J.: 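Below you will find the structure I want to go over with you.
Small disclaimer: the values here were computed from a predicted structure and weren't measured.
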Amino acid sequence: MAQVPSLKEVRLDQPGAKRAFNRAHFAAAASRYDFATKALSLGGDARWKRRLIEALPGRAGACLDLACGTGDVAFLLAAKFPAAQIEGLDLSREMLAVAGRRKTLGDRIRLVEGDLGLLPQPSASVDVVTGAYALRNAPDLRQALSEIHRVLTPGGTAAFLDFSKPDSGLGQKIQYGLLQFWGGLWGLLLHGNRSVHGYIAASLRTYPTRSQLDELFRAWGFEKKLSRRFYGGMVELTLWQK
């Protein structure tokens with residue numbers, strides 16, 4: 001099992017340090033990640049991902065799922081868009097290996113190891129970009145948004161599901177405490193290390209609030225089309241159009 005450093009020793013506000021931590025973190029989490037997402041979400045994760053897919057437009061020629069992990073959203077995209085080419089990109093080769101073993105991928109789904117801040121796709125080549133728990137993991141969020149905007153076709157859609165940081169300080173403290181306990185507990189139970197899933201709470205400390213994230217998207221010319229919250233408001237589904 002990969003050794004995951006203590007979150008007390010990691011500067012998540014530094015892109016290089018965050019990238020290195022996530023390589024170790026997701027390498028350790030990969031083998032039990034599917035069970036962990038079910039447990040952490042109290043069974044809601046699969047339902048939220050289906051809602052993400054349902055919110056997408058009816059047609060797409062090319063789709064890119066960022067931080068694809070074990071492939072849940074990529075497989076759902078393939079089912080929704082039977083004529084589309086689907087690419088799943090993830091920083092962790094261990095997560096991609098689990099995705100490759102889960103189902104017969106077929107010719108339409110390609111798994112790629114890569115960084116959110118340096119996407120291999122050509123400019124204006126992707127109709128739909130998705131990400132479940134993706135943007136919060138980006139080593140450099142602004143660079144990731146720049147790359148998403150670059151690869152999307154004009155009028156293309158970007159949809160994301162992730163933990164959402166409240167604007168109020170009190171809301172942030174409550175959310176942090178809950179996620180620190182809950183994520184740390186499952187990290188301890190599954191991996192003997194609170195940092196594995198305690199990372200969820202820690203990552204929100206350096207992540208923009210809901211209104212700040214909206215401002216970042218709009219600064220890149222995206223228009224918000226949909227917002228839905230789950231899990232007591234701590235998880236948000238957003239849909240944007242270029």
Side-chain angles (χ1 to χ4, degrees), residues 12-13 15 18-19 22 48-69 72-74 76-77 80-81 84-91 112 114-168 171-172 203-231 233-242:
L12 293 179
D13 59 337
K18 186 173 184 179
R19 184 181 294 106
N22 275 338
W48 305 335
K49 288 172 179 173
R50 289 195 299 270
R51 292 287 295 275
L52 183 153
I53 297 299
E54 291 166 1
L56 296 174
R59 295 183 181 180
C63 302
L64 171 62
D65 184 41
L66 301 176
C68 67
D72 287 354
V73 174
L76 291 172
L77 285 168
K80 182 178 177 71
F81 301 114
Q85 289 292 321
I86 315 295
E87 287 190 304
L89 179 138
D90 202 281
L91 185 68
V112 180
D115 193 306
L116 295 177
L118 190 62
L119 299 179
Q121 289 75 20
S123 298
S125 64
V126 179
D127 301 304
V128 170
V129 171
T130 57
Y133 320 114
L135 295 182
R136 186 174 39 81
N137 295 324
D140 185 327
L141 177 59
R142 287 171 174 78
Q143 181 63 27
L145 291 177
S146 171
E147 282 290 272
I148 292 164
H149 188 272
R150 179 184 65 80
V151 303
L152 271 175
T153 56
T157 297
F160 299 99
L161 175 73
D162 213 328
F163 288 90
S164 176
K165 186 174 179 177
D167 290 306
S168 76
Q172 292 172 25
S203 67
L204 284 164
R205 284 196 177 277
T206 57
Y207 195 61
T209 66
R210 290 176 190 133
S211 61
Q212 290 169 343
L213 187 61
D214 285 357
E215 289 175 6
L216 285 174
F217 269 96
R218 292 188 177 109
W220 280 105
F222 287 99
E223 181 181 357
K224 195 173 191 178
K225 294 294 187 179
L226 178 70
S227 172
R228 296 285 185 272
R229 293 181 193 168
F230 315 108
Y231 207 46
M234 290 193 292
V235 172
E236 185 176 21
L237 164 62
T238 56
L239 188 143
W240 300 86
Q241 187 174 42
K242 179 178 174 181

J.: Looking at every heavy atom in both Lys165 and Leu204, which two are closest together, and how far apart are they?
T.: NZ-O, 3.0 Å
J.: Decide yes or no on side chain to side chain contact (heavy atoms under 4.5 Å, CB included) for Lys242 and Phe222, but give the supporting numbers first.
T.: CA-CA 5 Å; Lys242 179 178 174 181; Phe222 287 99; 4.2 Å; yes
J.: Just do the side-chain hydrogen bond (donor to acceptor under 3.5 Å, both in side chains) check on Asp167 and Thr209 with the steps written out, would you?
T.: CA-CA 5 Å; Asp167 290 306; Thr209 66; 2.8 Å; yes
J.: Please determine if Glu215 and Arg218 form a salt bridge, counting it only when a charged side-chain N lies under 4.0 Å from a carboxylate O.
T.: no
J.: Less than 4.5 Å apart, any side-chain heavy atom of Thr238 and any of Lys224?
T.: yes
J.: Could you go through the side chain to side chain contact (heavy atoms under 4.5 Å, CB included) check for Arg229 and Val235 one step at a time?
T.: CA-CA 6 Å; Arg229 293 181 193 168; Val235 172; over 6 Å; no
J.: When you look at Arg51 and Phe230, which way does the side chain to side chain contact (heavy atoms under 4.5 Å, CB included) test go after all the steps?
T.: CA-CA 11 Å; Arg51 292 287 295 275; Phe230 315 108; 3.8 Å; yes
J.: Looking only at heavy atoms, what is the nearest atom pair of Ser125 and Ala62, with distance?
T.: O-CB, 3.6 Å
J.: Are side-chain heavy atoms of Arg142 and Leu216 found at a separation under 4.5 Å?
T.: yes
J.: Taking the side chain as every heavy atom from C-beta outward, state whether Tyr231 and Trp48 have any atom pair closer than 4.5 Å.
T.: yes
J.: Donor-acceptor pair, distance only, cut-off 3.5 Å: does the side chain of Asp13 make one with the backbone of Thr206?
T.: no
J.: Before accepting this row, confirm whether a basic side-chain N of the pair Asp72/Lys49 lies closer than 4.0 Å to the acidic partner's carboxylate O.
T.: yes
J.: Any heavy-atom pair between the side chains of Leu239 and Thr157 that's under 4.5 Å?
T.: yes
J.: To the nearest 0.5 Å, tell me how far Glu236 CD sits from Asp162 CG.
T.: 9.5 Å
J.: Taking Val73's backbone N and O only, do any of them form a donor-acceptor pair with Asp65's side chain (distance below 3.5 Å, no angle check)?
T.: no
J.: Looking at CG of Leu116 and CZ of Arg19, how far apart are the two atoms once the value is rounded to the nearest 0.5 Å?
T.: 9.5 Å
J.: For the backbone of Gly117 and the side chain of Gln143, can you confirm whether one donor and one acceptor N or O come within less than 3.5 Å of each other?
T.: yes
J.: Kindly compute the distance separating CD (Glu147) from OG (Ser123), expressed to the nearest 0.5 Å.
T.: 8.0 Å
J.: How close do Ala55 and Leu226 get, counting heavy atoms only, and between which atoms?
T.: CB-CD2, 3.5 Å
J.: Using the side chain to side chain contact (heavy atoms under 4.5 Å, CB included) definition, which of the options Leu237, Leu213, Ile148 pairs with Phe160?
T.: Ile148
J.: If you define the side chain from C-beta out and look only at heavy atoms, does anything of Leu141 sit under 4.5 Å from Tyr207?
T.: yes
J.: At what distance, to the nearest 0.5 angstrom, does OG of Ser146 lie from CG of Leu119?
T.: 9.5 Å
J.: Any side-chain heavy-atom pair from Leu64 and Gln121 closer than 4.5 angstrom?
T.: yes
J.: Determine, step by step, whether Trp240 and Lys225 satisfy the side chain to side chain contact (heavy atoms under 4.5 Å, CB included) criterion, reporting the C-alpha distance in whole Å, the side-chain angles of both residues, the deciding distance to 0.1 Å, and the verdict.
T.: CA-CA 5 Å; Trp240 300 86; Lys225 294 294 187 179; over 6 Å; no
J.: Identify the two heavy atoms, one from Ala134 and one from Leu66, that lie closest to each other, and give their separation to 0.1 Å.
T.: CB-O, 3.7 Å
J.: Looking only at heavy atoms, which two atoms of Ala84 and Cys63 are closest? And how far apart?
T.: CB-SG, 4.4 Å
J.: Taking atom CG of Leu77 and atom SG of Cys68, what is their separation to the nearest 0.5 Å?
T.: 10.5 Å
J.: Any side-chain to backbone donor/acceptor pair from Arg228 onto Leu52? Under 3.5 Å, distance only.
T.: no
J.: Do any N or O atoms from the side chain of Asp127 and from the backbone of Gly156 form a donor-acceptor pair under 3.5 angstrom?
T.: no
J.: Is the closest side-chain heavy-atom distance between Asp115 and Pro139 below 4.5 Å?
T.: yes
J.: Contact between Arg210 and Pro166 at the side-chain level, heavy atoms closer than 4.5 Å - yes or no?
T.: yes
J.: What are the two closest non-hydrogen atoms of Glu87 and Val112, and how far apart are they?
T.: OE2-CG2, 4.1 Å
